[in-house]
Amino acid sequence: MLLARNNDKYIWATQAIKGECYFCPACGEQVILRQGKSNISHFAHFSSNDCLDNQEGETYEHLLGKQQIFEWALNNEWQPELEVYLPEINQRADLLLTINDQKVALEFQCSPLTLQRLSERNQGYASLNYKFWWILGSSYQRLINHYSAQKFIQLHHNQLFLSFWEINNSRLKEIRYSQQFLKITTKKVLNDVVTCRKRAKVDPDILKLLREIRRRKYDLFNCPLLCHQSFDQVKYFSYGIFCWQLKACLWLEDIPIFSNFELSEWYKKLWQVDSTEWGEFPCAGKAKIAYHFLHGFTRKLLQIGCIEIVNGKILLLSHPQWFKTPADKYRTLAICN
């Protein structure tokens, strides 16, 4: 920790004097001052106990990053408070900010954190009516396309993003997931089909999907190109976007042409295509992330002419078309690219 109490005052570790007595703000036990050329000045407990500050080891990056983020927040006039213990929820925020009269708990996360613990911490802050902001350390930067990092995704102004703090240049970096449709390649088509068939061997739900495709006398490989379409690398589903979009195409096929839906009804029915396999995103909320994806899927249906918006309603004009042969699919793919 960077702050400790001394005579009822908070003292920075960088300003502390060896030989003085300092106490943990959370548990009240005495702590030791650690200073040296190879580490950041900080306080630590003498021995293991149940204090939050003693349960979570702090790396050089975490200690330095908190100092830098504090100064950065101060420059932004966000009234930062460092290492704030919140007894109502038995949690300690790395920083507590006040932005436009809203309290924001800021966490600088450098080490692994389970989904359950992340959800619990966010629920604790929400119970105090605090917003929360997770900024990630360097170990997460190479994982931006993996769920281990993506579970920290946040949503602002319809934009998904991850926040990182770079201690080398003391700055915030944001990685945004754009909704630009990605090019469909032959390699992706093959990979989607092969992966789906492999998953069917261990997942009864996917096996049921493939059986339904065969019942309709289709071949999985000849599915609509729409099924392979993606607009970012976010792990929206436990089993992948391809399988969900297959289910959505089959659902659309059962709806009579020229049926229309109120927008709210349309998104509700899309959600229900498979409401069980959506990923958990505790920092943004499952419903908001789902709507973000479903909005992108709807845009693609508009683009290829399957639907149209008339008087604020979704009008179904055609069903996504399955191909008769792989050669037909390859030719269409070549024309599209």
Side-chain angles (χ1 to χ4, degrees), residues 144-147 149-163 174-185 187-189 191-193 195-196 209 223-255 259-310 312-322 332-333 336-337:
I144 59 173
N145 292 329
H146 296 264
Y147 184 68
Q150 289 185 2
K151 65 176 177 279
F152 294 97
I153 276 180
Q154 296 187 266
L155 179 65
H156 186 62
H157 293 318
N158 202 35
Q159 179 72 64
L160 299 180
F161 67 93
L162 288 175
S163 295
E174 287 189 345
I175 293 178
R176 298 182 177 272
Y177 296 86
S178 119
Q179 273 204 327
Q180 297 297 318
F181 294 112
L182 305 179
K183 180 179 178 181
I184 303 174
T185 64
K187 181 179 179 180
K188 185 179 189 311
V189 169
N191 184 66
D192 284 344
V193 172
T195 301
C196 182
L209 170 63
C223 67
L225 287 177
L226 172 66
C227 298
H228 304 285
Q229 186 71 67
S230 59
F231 45 75
D232 55 34
Q233 299 296 324
V234 177
K235 308 300 181 186
Y236 294 99
F237 305 96
S238 62
Y239 52 45
I241 290 175
F242 175 66
C243 292
W244 185 91
Q245 291 181 154
L246 277 171
K247 291 182 179 183
C249 285
L250 295 179
W251 169 73
L252 284 168
E253 198 169 88
D254 292 335
I255 298 173
S259 297
N260 62 77
F261 303 86
E262 296 288 347
L263 284 175
S264 58
E265 181 188 10
W266 169 257
Y267 285 114
K268 181 179 179 180
K269 286 187 177 296
L270 276 182
W271 164 271
Q272 292 172 342
V273 164
D274 191 339
S275 60
T276 64
E277 295 295 338
W278 290 92
E280 297 290 337
F281 294 90
C283 299
K286 180 189 287 189
K288 289 182 179 179
I289 292 289
Y291 176 82
H292 181 82
F293 170 80
L294 296 176
H295 179 70
F297 181 74
T298 301
R299 283 197 301 123
K300 186 58 180 178
L301 289 173
L302 283 166
Q303 184 179 324
I304 63 178
C306 283
I307 61 172
E308 190 176 278
I309 298 180
V310 180
K313 294 184 178 182
I314 298 287
L315 176 66
L316 182 64
L317 299 178
S318 65
H319 298 136
Q321 294 300 302
W322 290 67
T332 303
L333 185 58
C336 293
N337 291 335

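In this chain, residues are counted from 1 in sequence order.
- The one candidate from I304, L301, I184, I241 that meets the side chain to side chain contact (heavy atoms under 4.5 Å, CB included) condition with Q229 is I184.
- A heavy-atom distance below 4.5 Å is not found between the side chains of N260 and V310.
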Point to revise | Trace of the side chain to side chain contact (heavy atoms under 4.5 Å, CB included) decision for R299 with F181 | key: CA-CA 10 Å; R299 283 197 301 123; F181 294 112; 3.8 Å; yes
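- Listed by chain and residue number, T298 satisfy the side chain to side chain donor-acceptor pair (under 3.5 Å) test with W266 (two or more places apart in sequence, or in another chain).
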Counting only pairs under 3.5 Å, give me each side-chain donor-acceptor contact of residues 276-286, with atom names and distances, residues two or more places apart or in other chains.
from: T276; atom 1: OG1; to: D274; atom 2: OD1; distance (Å): 2.7
from: E277; atom 1: OE1; to: S238; atom 2: OG; distance (Å): 2.1
from: W278; atom 1: NE1; to: D274; atom 2: O; distance (Å): 3.2
from: E280; atom 1: OE2; to: K286; atom 2: NZ; distance (Å): 2.9

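- Listed for the T195 side chain is a donor-acceptor partner under 3.5 Å among the backbone atoms of N191.
- Counting heavy atoms from C-beta outward, I309 and I314 have side chains that approach closer than 4.5 Å.
- With sequence neighbours excluded, the residues forming a side chain to side chain donor-acceptor pair (under 3.5 Å) with H295 are Y267, listed by chain and number.
- Considering CD of Q303 and CG of L226, their distance stands at 10.0 Å, rounded to 0.5 Å.
- Under the side chain to side chain donor-acceptor pair (under 3.5 Å) criterion, Q321 pairs with no residue at all, not counting sequence neighbours.
- Between atom NE2 of residue H292 and atom CG of residue D232 there is a gap of 6.0 Å, rounded to the nearest 0.5 Å.
- Side-chain contact between C223 and C249: absent, with no pair of heavy atoms (C-beta onward) separated by less than 4.5 Å.
- In this structure, NE2 on H146 lies 10.0 Å from CD on Q233, to the nearest 0.5 angstrom.
- The two residues K313 and E262 come nearest to each other via the heavy atoms CE-OE2, 2.9 Å.
- Centroid-to-centroid, the aromatic rings of Y236 and W244 stay 6.0 Å apart or farther.
- The two residues K288 and L155 make their nearest non-hydrogen contact at CB-CD2, 3.8 Å.
- With rounding to the nearest 0.5 angstrom, the CG atom of L160 is 4.5 Å from the CD1 atom of I289.
- Taking each heavy atom of E308 and L317 in turn, the nearest pair found is CB-CD1, 3.7 Å.
- In this structure, F152 CZ and I144 CD1 are separated by 15.0 Å, a value rounded to the nearest 0.5 Å.
- One distance of note links SG of C227 with CG of L246; it measures 4.0 Å at 0.5 Å rounding.
- Using a 4.5 Å heavy-atom threshold, the side chains of F261 and K268 count as separate.
- In this view, S163 and W133 satisfy the side chain to side chain donor-acceptor pair (under 3.5 Å) rule, not counting sequence neighbours.
- Side-chain contact between S230 and K188: present, with at least one pair of heavy atoms (C-beta onward) separated by less than 4.5 Å.
- Atom NZ of K247 has more than 12 neighbouring heavy atoms from other residues, nucleotides or ligands inside a 6.0 Å radius.
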Exercise for review: Test I307 against L315 for side chain to side chain contact (heavy atoms under 4.5 Å, CB included), laying out the working first.
Suggested key: CA-CA 5 Å; I307 61 172; L315 176 66; over 6 Å; no
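- The two residues C243 and L209 make their nearest non-hydrogen contact at O-CD2, 3.9 Å.
- Residues passing the ring pair (Phe, Tyr, Trp, His ring centres under 6.0 Å) test with H228 are F242, sequence neighbours excluded.
- F231 does not carry K300 over the face of its six-membered ring by the limits of under 6.0 Å from the centre and within 45° of the normal.
- For the pair Y177 and L162, the tightest heavy-atom approach, listed with the atom from each and the gap, is OH-CD1, 3.2 Å.
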